[in-house]
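The chain is numbered in sequence order, starting from 1.
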Amino acid sequence: VDAMLRLFVALQLPPEVRARLIGLMGGVNGARWQTDDQLHLTLRFIGEVDEARAEDIDSALRAIAFAPFQVSLQGAGLFGDIRKPRMLWAGVSPEAPLAHLAQKIETAMVRIGLPAEQRKFTPHVTLARFKGPSGRVDRFLAANDQLWSAPWTVERFTLFRSHLAHSGAIYEPLATYPDEDHDDES
Ligand code: 2AM
């Protein structure tokens, strides 16, 4: 039986940015806050693929080149409804270079035969998820409306494998691109 892998492509965040985000967490009823290991910015969700397809994905990601760019945290937001939130997130800006990189990845994934992503790309770092009712989401959003961080440089992106566990998802980094060992193949 072929093992299936649940994959996505994302940016890892610098330790000081993760520390900053962890510092914001708390004070919202019903929130299941992400842990340090779970914080990331998704560029392309892939979903379940077999190992052969995973190899194709790795090769395609390996071929992507991009100019490093800077981003910073900016603001906080909510998916879902204020009374029935699905998730709280931190914004990252500017959006253009992130969208450009996400588009390169999208093009590469479609070229190898994955179905096109239908959702609009909204760069965000998920901070909390909600299962049941919640409160104080409005207060969290108001308090973090002005969230801002020093910029950091994005030079690499990562292919993650997601393991769904009872305690929450475990995100295992499988490979990072461009591969540092293959910067110069001459
Ligand atoms: P989220 O944080 O916005 O939920 C691993 O599951 C990552 O892939 C998460 O960051 C999650 O985004 C994202 N993800 C999960 N399912 C997705 C889907 N169907 N479309 C887009 N992104 C998805």
Side-chain angles (χ1 to χ4, degrees), residues 4-18 20-22 34-51 53-79 86-129 147 149-164 168-183:
M4 296 298 276
L5 297 89
R6 183 180 172 85
L7 303 179
F8 64 101
V9 181
L11 298 181
Q12 294 185 297
L13 305 174
E16 64 275 16
V17 172
R18 299 198 312 268
R20 182 77 190 286
L21 294 174
I22 285 166
Q34 298 289 102
T35 62
D36 188 52
D37 285 344
Q38 291 173 323
L39 292 171
H40 65 270
L41 188 159
T42 300
L43 294 169
R44 172 51 147 103
F45 182 72
I46 295 172
E48 304 271 342
V49 297
D50 64 20
E51 286 176 33
R53 181 51 64 97
E55 292 291 337
D56 292 346
I57 291 166
D58 174 61
S59 302
L61 294 177
R62 229 165 257 288
I64 293 177
F66 69 101
F69 57 90
Q70 293 204 310
V71 291
S72 54
L73 295 176
Q74 195 166 81
L78 169 83
F79 288 155
R86 282 192 299 110
M87 117 177 22
L88 281 174
W89 48 267
V92 178
S93 79
E95 187 165 333
L98 291 165
H100 186 70
L101 176 55
Q103 187 54 53
K104 281 192 178 194
I105 294 167
E106 173 64 13
T107 301
M109 296 298 96
V110 169
R111 194 179 292 138
I112 61 169
L114 292 181
E117 174 59 79
Q118 301 299 328
R119 295 197 200 178
K120 183 189 170 303
F121 176 64
T122 307
H124 65 276
V125 179
T126 298
L127 299 178
R129 300 180 194 282
L147 173 66
S149 76
W152 72 92
T153 304
V154 175
E155 292 182 289
R156 296 191 146 65
F157 59 90
T158 300
L159 177 63
F160 282 92
R161 178 172 182 185
S162 173
H163 302 268
L164 301 175
I170 295 163
Y171 302 137
E172 176 193 4
L174 297 179
T176 293
Y177 314 88
D179 183 346
E180 278 164 293
D181 297 333
H182 289 76
D183 273 353

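When Leu21, Val17, Thr126 are each tested for a side-chain contact (heavy atoms from CB on, under 4.5 Å) with Leu39, only one passes: Leu21. Of the residues Leu7, Leu5, Thr176, the one that meets the side-chain contact (heavy atoms from CB on, under 4.5 Å) test with Leu159 is Leu7.
A donor-acceptor contact closer than 3.5 angstrom is absent between the side chains of Ser72 and Ser149. Between the side chains of Glu55 and Ser59, no donor N or O sits under 3.5 Å from an acceptor N or O.
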Run Met4 and Asp50 through side chain to side chain contact (heavy atoms under 4.5 Å, CB included) and show every step you take.
CA-CA 5 Å; Met4 296 298 276; Asp50 64 20; 3.9 Å; yes
Residues Trp89, Val125; criterion side chain to side chain contact (heavy atoms under 4.5 Å, CB included); working and verdict:
CA-CA 5 Å; Trp89 48 267; Val125 179; 5.8 Å; no
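Rounding to the nearest 0.5 Å gives a distance of 11.0 Å between CG of Leu88 and CZ of Arg129. In this structure, Ile105 CD1 and Leu114 CG are separated by 12.5 Å, a value rounded to the nearest 0.5 Å. Of the inter-residue distances, the one linking Leu61 atom CG with Asp179 atom CG reads 11.5 Å to the nearest 0.5 angstrom. The CG atom of Asp58 sits 3.5 Å away from the OH atom of Tyr177 when rounded to the nearest 0.5 Å. Separation of atoms CD (Glu16) and CZ (Arg18) is listed at 8.5 Å; rounding is to 0.5 Å. Here the straight-line distance linking atom CH2 of Trp152 with atom CD of Gln70 works out to 10.5 Å at 0.5 Å rounding.
Nearest heavy atom pair, residue Phe66 against residue Val154, reads CE1-O, 3.7 Å. A pairwise comparison of heavy atoms in Ala60 and Met109 identifies CB-CE, 3.9 Å as the closest pair. Residue Gln74 comes nearest to Ser93 through the heavy atom pair OE1-OG, 3.2 Å, listed as atom of the first residue, atom of the second, then distance. Heavy atoms only, all atoms of each residue included: Ala10 and Thr42 are closest at CB-CA, 3.8 Å.
When atom types are taken as modelled, the side chain of Arg156 and the backbone of Pro178 share a donor-acceptor pair closer than 3.5 angstrom. A donor-acceptor pair under 3.5 Å is absent between the side-chain atoms of Arg161 and the main chain of Glu172, judged by distance alone. Side-chain N or O atoms of Gln38 include one that pairs as donor or acceptor with a backbone N or O of Ala169 at under 3.5 Å.
Put simply, the side chain of His124 reaches to within 4.5 Å of the side chain of Phe79, judged on heavy atoms. Looking only at side-chain heavy atoms (C-beta outward), Val92 and Leu73 come within less than 4.5 Å of each other. Using a 4.5 Å cut-off on side-chain heavy atoms (C-beta onward), Leu11 and Val71 make no contact. Side-chain contact between Gln34 and Tyr171 is present, with heavy atoms from C-beta onward closer than 4.5 Å.
Counted within 6.0 Å of NE2 on His163, heavy atoms from surrounding residues, nucleotides or ligands total more than 12; the atom is thus considered enclosed.
Note: Phe160 and His40 have tilted aromatic rings, judged against thresholds of 30 and 60 degrees for the angle between ring planes.
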